[in-house]
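Scroll down for the structure; my scribbles are underneath it.
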There are 2 protein chains.
Amino acid sequence: MANPECRLCSFKSPAAELLSNDELKALESNCAQINFKKGEVIFREGTLATNIAYLKSGLVKVHMKGPVGDKILRLTKAPAYLGLPTTFGDKLNHYSATALTDVHICFISLDTFRDFIFKNGSFAYEIILDLCRNELSDYQRYTNMSQKQLPGRLAEILLCMSHEVFKSTTYELPLTISELADFISSSRESVSRQLSEFSKEGIINLNKKELQILNEDFLRKICSKG
Amino acid sequence: MANPECRLCSFKSPAAELLSNDELKALESNCAQINFKKGEVIFREGTLATNIAYLKSGLVKVHMKGPVGDKILRLTKAPAYLGLPTTFGDKLNHYSATALTDVHICFISLDTFRDFIFKNGSFAYEIILDLCRNELSDYQRYTNMSQKQLPGRLAEILLCMSHEVFKSTTYELPLTISELADFISSSRESVSRQLSEFSKEGIINLNKKELQILNEDFLRKICSKG
DNA sequence: TAAATATTGTGATAAATGTCACATCAACAC
DNA sequence: GTGTTGATGTGACATTTATCACAATATTTA
């Protein structure tokens, strides 16, 4: 738990950029940075939601227990607040967050955060914008995932990770095959087979975890056709 | 378009309850009530999002075009704001809202609403709470729907409408079979068959649109088993 | 009222994908 | 090293569910 220097922090969220010096000072004394290793749970479904978690660096999966197994709801890349809805929406966390890389998290006292919302309209507005944008992209993904079948769903998250997370057509898969399956609501075996299929067709190249998108246009076509 | 009397309105949202008299006055002059008949579109995907839509009375479906067809994202019952995320998140609406009953909608000027957020912390906080609670329940439904198969998904929305919307085990289905299919991402035919199945098993009774849940426990069991 | 249109029910069939079983491979602990 | 554990690939098969086709009702419109 390092002593944070929020005022000097260069990883501030867009919302935190709008805080006054005094507010940043208040933040400093009500905030603790904790580092997690890849694979560690940042907060867990069913436990008390006591702090706001701000993801300062790294990549995280947000996931929830479903009737069958785990469901990955979204990947969240720094910088971002992690559990606003689960922290404000209920006393108990309704989902979990797990580090996919080593991450830096700042836990912010709920009271302090709430105070900013009450007293700093710009801050509140920025938080609202953030919640709204997230909901839009969630709805979009939800709709796509629920109407496409396996090839389209898989193509979609491969492209999504390429565009939204890594900004590159080559990247190291941050998820295991099982997790990919949890993400697109399919089975490990089916995902494995579909990846082989994409490889055979020359659309991707997968070496261990290293993924290379060879034919993005075709992948896009698969994605949009479903 | 009636001249609204927001100050006297007895259908205020929890957030609007927190507005001052002056703010309510500002609301009055920047707000227009419009009534829609069952089946009419309140706002449409792809059009400019220019106003906040507050659902004062009635029931609405929120839906989005998907790769295959329409996808119903949620049912929203009055009182509720309808398109906050699509209004704040982007200039264009990312989804549509259609009346399932006759409804009263108050369209509120975006600037006015934004002003309340900036200047009234309690209002902003209430809006944030609302967004958060919605996201939680969306995630829950999303997870359930994506992991269950047809019987479980159908059972879930039948129960959901019973508990959340109508608060009764007997109610008139607000959706056609096709819409039910759009909601649970299945086909019209499969939903029709599954409803017959439930009827044969004595779990429900469906007469025209009048649905009666006869064996709620069993329906719950189907719902939780998937 | 009749015609037109939308909604629903149901059988036959095909396609997609989950499940089971087992082999292989990699990482890590001891 | 060696054994243990977790992750992955793949064949065979069963199951679920979409699709197509068409009939039967409802509902709306002319």
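Here is the naming used below: chain letters follow the sequence lines, and residue numbers restart at 1 for every chain.
Between A:Glu164 and A:Lys77 there is no salt bridge, since none of the side-chain N atoms of the basic residue sits less than 4.0 Å from a carboxylate O of the acidic one.
When the nucleotides D:dT8, D:dT19, C:dT19 are ranked by their closest atom to the side chain of A:Glu189, C:dT19 comes out on top. Out of D:dT17, D:dT19, D:dT8, the shortest distance to the side chain of B:Ser187 is found at D:dT19. Counting only heavy atoms from C-beta on, A:Arg188 has its side chain closest to D:dT8 among C:dG18, D:dT8, C:dT8.
The phosphate of C:dT7 (OP1 or OP2) has no side-chain N or O of B:Lys208 nearer than 4.0 angstrom. Remark: A:Ser190 is in phosphate contact with C:dG18, judged by side-chain N or O atoms under 4.0 Å from OP1 or OP2. Between C:dT10 and B:Ser192, no contact under 4.0 Å exists linking OP1 or OP2 to a side-chain N or O. Remark: B:Ser196 is in phosphate contact with C:dT10, judged by side-chain N or O atoms under 4.0 Å from OP1 or OP2.
Nucleotide D:dT16 holds its P atom 11 Å from the CD atom of B:Glu197, rounded to whole Å. B:Arg153 has its CZ atom 13 Å from the P atom of D:dT16, to the nearest Å. Rounded to whole Å, the distance from CD on B:Gln194 to P on C:dT8 is 16 Å.
For the pair A:Glu179 and B:Ser185, both in contact range of DNA chain D, the more 5′-proximal nearest nucleotide belongs to A:Glu179. When each of B:Ser178 and B:Arg193 is assigned the nucleotide of DNA chain C bearing its nearest heavy atom, the one mapping closer to the 5' terminus is B:Ser178.
The ring of B:Phe11 has its center no closer than 6.0 angstrom to the ring center of B:Tyr54.
In summary, the side chains of B:Ser190 and B:Ser187 do present a donor paired with an acceptor at a separation below 3.5 Å, with no hydrogens or angles considered.
Within the nucleic acid shown, B:Thr176 comes within 4.0 Å of sugar-phosphate atoms alone, with no base atom in reach, counting heavy atoms only.
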Can you check side chain to side chain donor-acceptor pair (under 3.5 Å) on A:His94 and B:Glu135, steps first, answer last? CA-CA 10 Å; A:His94 285 216; B:Glu135 181 166 320; over 6 Å; no

